[in-house]
Structures are given as structure tokens and as C-alpha cells.
Amino acid sequence: MGANSSSISELPENEYLQKLSGSEPISENDPFWNQLLSFSFTTPTNSADLKLLEEATISVCKSLVEKNPRTGNLGSLIKVFLSRTKELKISAECQNHLFIWQAHNALFIICCLLKVFISRMSEEELQLHFTYEEKAGPSSYGTECEDLIEELLCCLIQLIVEIPLLYPCQHTDSNWWKWLCSWYRGRYSGGVTSALGYAVRDITYSISLEAVTTLIVFLSCQLFHKEILRESIIHRYLMHGRCLPYTSRLVKTLLYNFIRQERSPPPGTHVFQQQTDGGGLLYGIASGVATGLWTVFTLGGVGSKTSAQLEQCSPLASQSLLLLLVLANLTDTPDTPNPYRQAIMSFKNTQDNTAFSSSNPHAFQINFNSLYTALCEQQKSDQATLLLYMLLHQNSNVRTYVLARTDIENLVLPILEILYHVEERNSHHVYMALIILLILTEDDGFNRSIHEVILKNITWYAERVLTEISLGSLLILVVIRTIQYNMTRTRDKYLHTNCLAALANMSAQFRSLHQYAAQRIISLFSLLSKKHNKVLEQATQSLRGSLGSNDSPLPDYHFWEMSDCLHFPETKLKHAQDLNVIEEVIRMMLEIINSCLTNSLHHNPNLVYALLYKRDLFEQFRTHPSFQDIMQNIDLVISFFSSRLEQAGAELSVERVLEIIKQGAVALPKDRLRKFPELKFKYVEEEQPEEFFIPYVWSLVYNSAVALYWNPRDIQLFTMDSG
């Protein structure tokens, strides 16, 4: 940094950085800081350049680590930044129109230093570097021993929640704005609202982004630990003390940053011309800084985005969402639950006039319509899907609102598209999408309404042209496709369970199933039947081999018990376990079909048609002790409609068969169908969910954070191929 550096290669020799990391203590009142913070350095725009930046400045950082205990220069830099932010808050009295730039540049340097410090030392060691007192000259802070970490964290939060108030579109009546307009009119003849609007909005956008980024860096100590951090100095500061009163405002601001999706400022729009102020200091901000400091980065080995992609992105929205997810997944302390999670769990719609509970000081209101729209539009990203999951699972106000929407397809379709392209998604993203569907299908109103929404021409569904289909039938098709993909590729029992649970929740409300959806239900059962026969054959051969003779008598496989197989070699036991798993899945599919037949047979002639067409599939399960009870109803329906079709004669057209089925559905005596308990599954997080969510969230930060790079060799929390 510093006014004389223009490229990464020059940084190690930069005189200002050398002085900062040198042996000489620098008072926070030294004019040196004005020189250091008035740089025209073009910062990196991709992960490769970010790596070069870290490598180029590592000697500076090492020197600062070594000499800071004697100089206290890190503390001086932080105090300079804190003093600049105080000028921000009393800006109406300030005559220096570029103080925001100095605050931003100071924060940028602090963030770069912090990232290296945190990756190389424990929190206790980091805390010591914040407590060293500078030895040069009087301090504006006096001799009090202040906790700079807490003050810096609190200042960053205040910047995030208060800087948006500087947007000209929101507070054009403020003294700050009036003063700046007056100053701007004296310098430029152009329109104040347009020209100054860009300048003020861009600089406040940039410092807000840097504040969010620095908070993420502060919390990044988790990346360098394999275990989940349950006791952390940074966590304690954020969840107690001076930061605590800002909890709800911070969560609300981060949510609104995500909702607004403000694009990054175009390069150069916020650049002030070089000038000399009354004090004789040069504030030269080159246009290259605009290009470098406020450009979106794609890190974690993904590569940099094209300029066209950059124009569509909002780095502040993306970074704010990542910070929100990190904060929401901090572990509870022994005496206090995570206040950020509490705020996420309890906020309400701005149109909700009911009183907040006095027991929750973190509650607030937000525009649910805007939030819903943003969630619908952003589901292609893992982090937006994870946010949707958190809100549906933890905030009953959001869940009730979403389920009441009449345009639910706008939310469900992006989720289905995630599952449809399962091959291209990481497993965590697929899990979150499935769990969202499971949570939605817990509601009977949702299960009814999705069959009333008719969709036209689903272009991303490639297996078959779907010119017209209900949202419910499409959901069934995509979930079944996911099951089939899992059977042949990943073979993940957890994924199977969630898919089948969602289908089971919907089954009693199946209405007017599309012909193709009905076929796929029976086709899935056919696939499971073949899989069952294959596993059964393997298990039988294994059992014969364990008995030592192919002619040895075997017990009927229907009555095998796992305890009977414990003496088998490991491979034999695995076959028995596989058979048990596949039979559980078959049982679930039969229950889903039975639930539809007993609750809504007259609404689903296409399912009855598919059932009759493949009736031979069910023969082998009639006498199986695991399926006999559930097969009674299915067998009754098959026999009843088969008899009516035989009476109607041979060579029947599809239309005629469907007509006979519709007539028979009215005549079928419902009292002959055995009643079973309603199929209802509810999503419940496993014990210690943080073991899954914290590594997942930080993998998203590692791969998606704006303007951040970590050496993959330093990461301990997850492996590079996780997710």
C-alpha cells in the first residue's frame, strides 16, 4: 500500500509498509498515517492475484508479527481507523471530504493483516497483539487499557448497520448530505443528485463491503481447526458485551443487503480528482483503485468471473449472506444461546402488527414479500438455498408466510431444478433442496395446492416434453429421478429417506397425476423389485457358501433374522444388510401407493392404469411377510379393476380403459379397503447439527467469498473435495 506503490511486485519494498512493520513505534497522531492511507494501489481481481498479494506481503506481515510487541503499530493502525470512523459519524462537522477513503483504506490494510495473523496464530496470541501499547508519543486514547478487539468488532458492526443510512436515496435531508451537496456544487456544474449520488453511494457501498469482509476474516479462525470451536474469544465478543445490542440490527441489515442485491459500483464512478487540501496532503486516488478494490472475486480454485458476470453480481449481497450464515451457525455458549440465531428465528413481517415477546430482545420486522422474491431468484447458489432452509426450519413466521403464497411455484421450481441437475450439484446443496421439500410437504395445504398449479413447457426437464403438467406431478417426477440417480450412483440411504418421506407426505393428497408421473411411480417400484431379486440372489448364494454346500437346506428368506447372520463373514453380512435396506424401501413405496389408493383413488385414474399395466410386478410380494398387510389393498384394487376390464372385452383403447377406471372408482366399496395410519414424516435435525453445518458454511465461504483467499494447505476444517 502507500501512495507510491502501483503493483504487487513493488509491495515488499514499499517505504510505508516497511515503516509500518519496522522497529520504530508510530504514534496514532503521526502524519505517516495520512501518507500510508492515501494509496493508489490496484488490488487483485482474481484468486491468482490474491495469492500473489499474500505471498508478496508475507515478509511485511512476518516482520510486523515479530516487532509489534515492541512497537504496538498494529494497535496504532487500528486506533487510526477507529478515529476515522468517528469522523464518519460526526461528518457534518468535518471539512475533509475524503475521510471515508482513509477509513476504507485503513480497514483494507487491517483486513489483509488480520487474515495472515489469524491463519498463523491462536486467538490468545492474536489478542496479545491487540493489547501491546505503542511507545511513541501521547495517545488520544489516554493511558486506559482498552480492549481493541471488542472495540474494532463493535465498530465494524456499527459501520455495517449505519453506513447504509448514508445512501442519498434514503436520507437526503441529513446534515451530512446537505453539507456534501453544497461542497459538490462548488466543484462540479453537473447534477448533484446523479453525480454525487453515484460518488456517495459507491464509497459507502465499498466501506460496507470491507466491514463485512473483515468480520468474516475475524471469524475465520474456525478454518484452521479440525474440531468445531465451542469456546472462542471472537465468538464471546460478538455474543456478549458491547456487540450484543446490535444483534437484530446486524441480522436485519445483512438480510436487506441480500434482498436488495445492489450491484457493485462501475469502475471509476467514485473517483475524486487529485487535490491538495488546506493541510498540504495529497489525496490521489487513481482510477485503477476503482477497478481493483471494488471488483467481485471468485476464489477457492474456481477462477475469476468474466466481466459480463461481474455486471450481474452484487458482492455486498453475496458477502453479507455468507456472514449471516456464519453468525447464525456459531455454537451456543453454556449460559447464552446464539443471539444471531435467535434473531433469525423470531423476526416478523412488516405487516404483522402483533406484539413481540418481551423475552426476545433480538426480534425485528422485515418485508417478507421482498425476502420471498429474493429467495426465489437466488436459489442457484448453495448459500441462498441454505438460507431458505434455515428460515423455513427455524422461523415459523417465514414458514407460515411461504406456505400461504399463491405463487409457490416461483420458489418450488428453482428447488426442483437443483435436484434435476443433481449430477452438477454438490451433495450438500442437494440435501438442502430435499430437506426444503420435506419441510414444505409437512403441510397438507401445500400438498393440495401444488396439484392445482398448472405449468407450461418445462424446458429444463429433458427426459420428456412436458407441455402441460401440474407442479405436484413435476415434483413427483423430479424426486423419483433423484431416487433413481441415487440408486445407481451415490447409494446414499439418507438421500433415499428424505425423498421417500416427501413422497409419503404428499401421497394422500395426490390429485390428477400426470400420466408420465404415474408411470414413473410404478417404474421406480419395478426398479426396486429387480434390485430386490438381485440382492436376494446374492444373499442366498452367500448363505449357501457359508454353510459349505450348494445342496444344504436353507430357511425361507422371508424369515431371515439379522441375528442369524452374525456368524457370516463380512461380505455375507453385507448382503443380508442390503436386503434389509431394499425391503424397507420397497415397503415405503407400497405404503405410498396404498396411501394414494385409499385416500384419492377416484382422483388418480392414471395411477390405477399404470398399476394394472404392471400388475405382474406385485405378485411376488403378496405372500411376503413384510408386505402382506400393505398388499391387501393394492391386490384388492388390481383384482377389482381387472375384473371390470375383462367384462368390457378385449382390444380396449387407452381412452376406454381410463373411462372404465373412472366409473369403477365410484363403484369400488371403500369400506373394503383396510385403513392404515396416515403417512406423515417431519424433518428433525440430528443431534449436534453444527458438525455438519459449520464445515458446510465455511466451505461456502472458502469457495465463494468476495476478495478473500486462503491457502488450501492451511485449511483444517474440511477437505478440499468435501461437499
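Numbering starts at 1 and runs along the sequence shown.
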Enquirer: Does any non-hydrogen side-chain atom of L330 lie less than 4.5 Å from one of I694?
Expert: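 When only atoms from C-beta onward are counted, L330 and I694 do not touch, as no gap falls below 4.5 Å.
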Enquirer: Could you state the interatomic distance from CD1 (I480) to CG (L500), rounded to the nearest 0.5 Å?
Expert: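 Between atom CD1 of I480 and atom CG of L500 there are 9.5 Å.
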Enquirer: R520 pairs by side chain to side chain donor-acceptor pair (under 3.5 Å) with which of E463, Q515, Q484, H514?
Expert: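 Answer after filtering E463, Q515, Q484, H514: Q484.
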Enquirer: Please test F347 against L391 for side-chain contact (heavy atoms from CB on, under 4.5 Å), starting from the C-alpha separation and ending with a verdict.
Expert: CA-CA 10 Å; F347 71 82; L391 295 178; 3.8 Å; yes
Enquirer: Considering non-hydrogen atoms only, spot the tightest contact between A502 and T441 and give its length.
Expert: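 Answer, listing the atom of A502 first, then T441: CA-OG1, 3.7 Å.
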Enquirer: So which atom in F681 and which in A504 form the shortest heavy-atom distance, rounded to 0.1 Å?
Expert: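 The answer is CE1-CB, 3.6 Å.
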Enquirer: Are side-chain heavy atoms of I344 and L255 found at a separation under 4.5 Å?
Expert: no
Enquirer: Taking the side chain from Q261 and the backbone from A374, do they hold a donor-acceptor pair closer than 3.5 Å?
Expert: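 Here the side-chain-to-backbone pair does not exist.
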Enquirer: Is R481 paired with E423 through a side-chain N to carboxylate O contact shorter than 4.0 Å?
Expert: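 A salt bridge links E423 with R481.
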Enquirer: Count the heavy atoms belonging to other residues, nucleotides or ligands that lie under 6.0 Å from OH of Y494, then report whether that count exceeds 12.
Expert: yes
Enquirer: For residues Y696 and D382, is any side-chain donor paired with an opposing acceptor at under 3.5 Å?
Expert: yes
Enquirer: Let me know which of L597, I593, L590, T598 forms a side chain to side chain contact (heavy atoms under 4.5 Å, CB included) with N633.
Expert: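 The side chain to side chain contact (heavy atoms under 4.5 Å, CB included) with N633 is passed solely by T598 among L597, I593, L590, T598.
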Enquirer: Is the ring centre of Y420 less than 6.0 Å from the ring centre of Y485?
Expert: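 Judged by ring-centre distance (under 6.0 Å), Y420 and Y485 do not meet the cut-off.
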Enquirer: Please step through side-chain contact (heavy atoms from CB on, under 4.5 Å) for the pair H421 and W460, ending with a clear verdict.
Expert: CA-CA 9 Å; H421 296 293; W460 48 262; 4.2 Å; yes
Enquirer: Using a cut-off of 6.0 Å, state whether more than 12 heavy atoms not belonging to K534 lie near its atom NZ.
Expert: no
Enquirer: Taking C-beta and beyond as the side chain, do I521 and F510 meet within less than 4.5 Å on heavy atoms?
Expert: yes
Enquirer: Step by step, work out the side-chain contact (heavy atoms from CB on, under 4.5 Å) result for Y389 and L386.
Expert: CA-CA 5 Å; Y389 157 76; L386 181 54; 4.0 Å; yes
Enquirer: Apply the side chain to side chain donor-acceptor pair (under 3.5 Å) test between D635 and each candidate in R615, Q628, R622; give the one that qualifies.
Expert: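 The option that passes is R622.
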Enquirer: Do any pairs count as a side chain to side chain donor-acceptor pair (under 3.5 Å) and have a residue in residues 446-457, sequence neighbours left out, and if so which ones?
Expert: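 Non-adjacent pairs meeting side chain to side chain donor-acceptor pair (under 3.5 Å): K456-E468.
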Enquirer: So which atom in L495 and which in T482 form the shortest heavy-atom distance, rounded to 0.1 Å?
Expert: CD2-CG2, 3.7 Å
Enquirer: Using every non-hydrogen atom in the two residues, find where A610 and A518 come nearest and quote the distance to one decimal.
Expert: CB-O, 3.8 Å
Enquirer: Any Lys/Arg nitrogen of E659 or R656 sitting under 4.0 Å from an Asp/Glu carboxylate oxygen of the other?
Expert: yes
Enquirer: Could you walk me through whether F258 and L375 pass the side-chain contact (heavy atoms from CB on, under 4.5 Å) check?
Expert: CA-CA 9 Å; F258 166 71; L375 288 169; 4.0 Å; yes
Enquirer: Flag the pair N505 / D443 as yes when at least one side-chain heavy-atom distance between them is below 4.5 Å, and no otherwise.
Expert: no
Enquirer: Supply the atom-to-atom distance K226 NZ to T719 OG1, rounded to the nearest 0.5 angstrom.
Expert: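 K226 NZ to T719 OG1: 11.0 Å, rounded to 0.5 Å.
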Enquirer: Side chains of I439 and H393: closer than 4.5 Å at any heavy-atom pair?
Expert: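 Answer yes - side chains close enough.
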Enquirer: Determine, using ring centers only, whether F618 and F627 are less than 6.0 Å apart.
Expert: no
Enquirer: Quick check for you: to the nearest 0.5 Å, what is the distance between Q620 atom CD and M631 atom CE?
Expert: 9.5 Å
Enquirer: Does the S704 side chain pair with the main chain of V701, one donor and one acceptor, at a distance under 3.5 Å?
Expert: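 Between the backbone of V701 and the side chain of S704 there is no qualifying donor-acceptor contact (under 3.5 Å).
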Enquirer: Which atoms form the tightest heavy-atom contact between P695 and F718, and what is the distance?
Expert: O-CD2, 3.8 Å
Enquirer: Once you round to the nearest 0.5 Å, how far does CZ of R674 lie from CG of N594?
Expert: 9.5 Å
Enquirer: Looking at every non-hydrogen atom in both residues, tell me the closest pair between A328 and N338 and how far apart they are.
Expert: O-ND2, 3.4 Å
Enquirer: Under a 4.5 Å cut-off applied to non-hydrogen side-chain atoms, are N349 and N397 in contact?
Expert: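 Not in contact.
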Enquirer: Do the non-hydrogen side-chain atoms of I458 and L416 ever get within less than 4.5 Å of each other?
Expert: no
Enquirer: SG of C376 to CG of L371: how many Å apart, nearest 0.5 Å?
Expert: 9.5 Å
Enquirer: With Q379, which of L413, L387, N410, T385 fulfils side chain to side chain contact (heavy atoms under 4.5 Å, CB included)?
Expert: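 Checked L413, L387, N410, T385 against Q379; only one passes side chain to side chain contact (heavy atoms under 4.5 Å, CB included): T385.
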Enquirer: Can you measure from CG (L611) to CD1 (I661) and round to the nearest 0.5 angstrom?
Expert: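 L611 CG to I661 CD1: 9.0 Å, rounded to 0.5 Å.
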Enquirer: Taking the side chain from S595 and the backbone from E591, do they hold a donor-acceptor pair closer than 3.5 Å?
Expert: no
Enquirer: Strictly distance-based, threshold 3.5 Å: is any side-chain N or O of T400 a donor or acceptor partner for the main-chain N or O of S396?
Expert: yes
Enquirer: Contact between F525 and K614 at the side-chain level, heavy atoms closer than 4.5 Å - yes or no?
Expert: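 Heavy-atom side-chain distance check fails, nothing below 4.5 Å.
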Enquirer: Taking R587 first and then E583, would you say they form a salt bridge - that is, a charged N and a carboxylate O separated by under 4.0 Å?
Expert: no
